[in-house]
Amino acid sequence: MASTARSSPLAPVIAPGETATSVSETISAIASARRFGLLWLAGFAVSLLLTALLAFGVGWLLYEGVGIWGLSIPVAWAFAIANYVWWIAIGMGGTFISAAMYLARQPWRTSINRFAETMTVMAVSVSGIFPILHLGRPWFFYWLFPYPDVMNVWPQWRSSLEWDFWAILAYLIVSILYWYVGMLPDLATLRDRARTRTRARFYGLLSLGWRGEARHWRRFESLNLLLAGLAVPLVFSVHSMVALDFSEGLVPGWHSTIFPPFFVAGALFSGFAMVLVLALSIRRHFGLQAYLTDRHVSNMAKMMLAAGLVVDYSYFSEIFTAFYGMDRYEVAMTLNRMFGAYAWVFWGTIVFNVLAIQLLWSARLRRNHTVVFLVSLGVLFGMWLERFMLIVTSLYRDFVPSSWGMFYPTFWDIAFLAGSIGLFLVMFLVFVRLMPVLSMSELRKLVHRRDEGRT
């Protein structure tokens with residue numbers, strides 16, 4: 001029997017000894033455990049401190065203005081926009097992993113789709129903070145919404161701010177729906193296994209009366225398929241729109257048609273990296289090796305490598321196009337990136353996004369979780385450096401030497417970046433303690449399919 005299980009194509013996805021009951025018990029126990037654990041408490045405390053720093057920074061910015069950042073003329077975009085593009089890109093990768101793999105009927109997605117979707121919702125929520133704060137008068141952010149008023153003043157539809165508003169709103173709505181609908185069967189499981197009346201009522205309200213009837217499953221599958229079909233094209237359209245924020249400008253280094261596919265590839269690259277960081281952390285802390293197997297880590301590492309190669313091609317294509325076209329401003333900008341004041345940012349991007357990921361060609365290194373974890377962290381750092389490089393090195397020196405100027409980040413620039421990471425971790429750590437971190441219903445389906453294959 002054991003040899004048959006090992007020969008089954010589904011065996012590497014979930015450990016052979018697992019049953020439907022053990023799946024429900026193991027995963028629901030994480031959400032219902034009374035003790036939090038010292039590591040979780042330490043991580044939550046640090047994240048909460050960073051979030052408090054962000055909250056204080058937002059309050060100070062509302063009082064003092066965006067001058068607390070290192071913004072200047074000509075560098076009017078810097079950390080805030082880099083953070084925005086970085087966070088929204090991370091969210092894109094989570095949706096692609098969950099929705100695209102669902103449409104492709106890939107069984108190995110079942111162990112990573114839940115926290116990939118969670119990562120999407122939380123990353124997009126964090127990303128939406130920065131364009132609003134960057135407005136200068138953020139309390140008027142609702143002006144971006146076309147509402148009827150006596151002055152008959154409508155938003156400027158050619159403004160990239162307007163595009164960002166609709167992109168974030170559309171993507172956030174679809175992501176929340178897809179994430180929440182997928183949890184309904186698992187929330188019902190937590191309701192039925194709740195040890196207290198308060199918990200039973202809490203999960204009962206969230207599960208919306210789910211009873212697992214045939215009509216419930218039929219509607220659930222139809223809605224899941226519909227939302228997945230909406231989410232996948234949104235990944236490409238939304239991040240292409242973010243790329244147009246730059247492509248519509250005439251600034252050297254921005255005015256390029258390569259940006260939409262380049263930004264989409266970068267989004268998938270950083271999204272895969274964040275999923276690997278979260279997956280390896282959850283796997284180790286909660287002892288989920290039976291569900292997050294070596295196959296999951298290896299497959300995600302392969303996908304991150306593939307997306308990274310597309311990003312690397314875009315880097316070299318951009319450099320080649322600048323010299324091949326012989327536009328003096330594009331050539332000057334490219335040389336400035338390589339050897340100018342921010343050369344360390346360019347070469348840091350090359351080290352983390354081009355050189356480090358080449359380790360993943362080795363199957364032995366892909367099975368080494370420490371190597372994969374460190375490479376994934378490096379990719380996240382490298383992708384933030386790329387955003388900073390893209391924005392600042394095109395602005396601090398443009399067409400006219402008399403308008404050149406340097407950008408120097410202040411304490412508040414760094415505080416907002418660190419605080420956004422803290423806010424993301426606070427939301428994620430609360431999620432793993434209250435909600436099912438893996439999809440129990442999907443894993444139970446795999447168990448049943450595996451058992452049917454034995455007979």
Side-chain angles (χ1 to χ4, degrees), residues 69-86 89 242-243 245-263 265-267 269-270 273 305 307-359 374-375 377-411 413-414 417:
W69 294 334
L71 302 179
S72 63
I73 299 298
V75 188
W77 286 8
F79 266 53
I81 303 303
N83 296 342
Y84 159 63
V85 180
W86 186 63
V242 174
D245 289 354
F246 300 91
S247 294
E248 68 164 354
L250 297 178
V251 179
W254 288 7
H255 194 60
S256 173
T257 56
I258 198 177
F259 271 29
F262 172 33
F263 269 50
F269 188 34
S270 54
L305 174 62
L309 293 176
V310 177
V311 171
D312 298 347
Y313 170 79
S314 300
Y315 293 159
F316 294 115
S317 175
E318 194 175 14
I319 295 171
F320 171 80
T321 304
F323 286 98
Y324 184 78
M326 289 305 293
D327 182 283
R328 67 179 69 183
Y329 302 106
E330 292 287 340
V331 171
M333 180 276 305
T334 303
L335 292 175
N336 252 327
R337 284 184 179 176
M338 294 180 178
F339 308 110
Y342 299 100
W344 63 273
V345 178
F346 174 84
W347 294 111
T349 301
I350 296 299
V351 168
F352 291 109
N353 292 351
V354 179
L355 300 180
I357 64 171
Q358 306 308 318
L359 296 173
L374 292 176
V375 170
L377 280 179
V379 167
L380 290 173
F381 180 63
M383 289 305 293
W384 189 89
L385 287 178
E386 180 217 283
R387 267 58 178 204
F388 180 84
M389 173 191 71
L390 172 68
I391 294 169
V392 174
T393 57
S394 288
L395 290 177
Y396 90 110
R397 288 188 177 181
D398 54 10
F399 298 101
V400 184
S402 61
S403 67
W404 291 356
M406 291 290 293
F407 166 78
Y408 300 101
T410 65
F411 166 79
D413 283 299
I414 299 170
L417 173 60

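Keep in mind that what you see is a predicted model, and the values were worked out from it rather than measured.
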Handout entry: Validation row: F246, I81 side chains within 4.5 angstrom (heavy atoms)
Key = yes

Problem - Nearest-0.5 Å distance that lies between atom CG in L335 and atom OG1 in T393 - result: 12.0 Å

Exercise for the section: Check each of Y408, F407, Y396 against Y342 using the ring-ring contact (aromatic ring centres under 6.0 Å, His included) test, and report the only one that passes. Expected result: Y396

Practice task
Considering non-hydrogen atoms only, spot the tightest contact between M406 and A341 and give its length.
Solution key: CE-CB, 3.6 Å

Problem - Mutual orientation of the aromatic rings belonging to Y315 and F262 [parallel < 30°, tilted 30-60°, perpendicular > 60°] - result: perpendicular

Practice task
For the pair W347 (side chain) and M338 (backbone), establish whether a donor and an acceptor sit closer than 3.5 Å, ignoring hydrogens and angles.
Solution key: yes

Problem - Interatomic spacing from CG in L417 to CH2 in W384 - rounded to 0.5 Å - result: 6.0 Å

Exercise for the section: Please report the shortest heavy-atom distance between L395 and P74, naming the atom on each side. Expected result: O-CG, 3.2 Å

Practice task
Kindly indicate whether the side chain of Q358, heavy atoms from C-beta on, has any atom under 4.5 Å from the side chain of L309.
Solution key: yes

Practice task
Return the minimal non-hydrogen interatomic distance between A265 and V310, and the atom names on each side.
Solution key: CB-CG1, 3.5 Å

Handout entry: Nearest atoms (heavy-atom pairs only) where S394 meets G253
Key = OG-CA, 3.7 Å

Practice task
Look at the side chain of S247 and the backbone N and O of S256, then say whether any donor-acceptor pair between them is shorter than 3.5 Å.
Solution key: yes

Problem - F346 side, atom CZ; N336 side, atom CG - distance, nearest 0.5 Å - result: 12.0 Å

Handout entry: Where W254 and L390 come nearest, the two heavy atoms and their spacing
Key = NE1-O, 2.9 Å

Handout entry: Heavy-atom check, side chain of W344 versus side chain of L385, under 4.5 Å
Key = yes

Problem - Nearest non-hydrogen partners of I357 and D312, listed with the distance - result: CD1-OD2, 3.5 Å

Practice task
Evaluate the side-chain proximity of T349 to F388: yes if any heavy-atom separation is below 4.5 Å, no if none is.
Solution key: no

Exercise for the section: Taking the six-membered ring for Trp and the full ring for Phe, Tyr or His, determine whether the centres of F79 and W86 are under 6.0 Å apart. Expected result: no

Practice task
Using modelled atom types only, decide if a donor and an acceptor are shared between the side chain of S317 and the backbone of Y313 within a distance under 3.5 Å.
Solution key: no

Exercise for the section: Start with the C-alpha gap between Y324 and E330, add the side-chain angles, then the distance that decides, and say whether side-chain contact (heavy atoms from CB on, under 4.5 Å) holds. Expected result: CA-CA 10 Å; Y324 184 78; E330 292 287 340; over 6 Å; no

Problem - Nearest-0.5 Å distance, CZ of residue R397 to CZ of residue R337 - result: 14.0 Å

Exercise for the section: Determine whether E318 and F259 make a side-chain contact, defined as any pair of heavy atoms from C-beta on separated by less than 4.5 Å. Expected result: yes

Exercise for the section: Starting at OG1 of T321, measure out to CG of D327 and round the result to the nearest 0.5 Å. Expected result: 11.5 Å

Exercise for the section: Rounded to the nearest 0.5 Å, what's the gap from CD1 on I391 to CD on E386? Could you check? Expected result: 10.0 Å

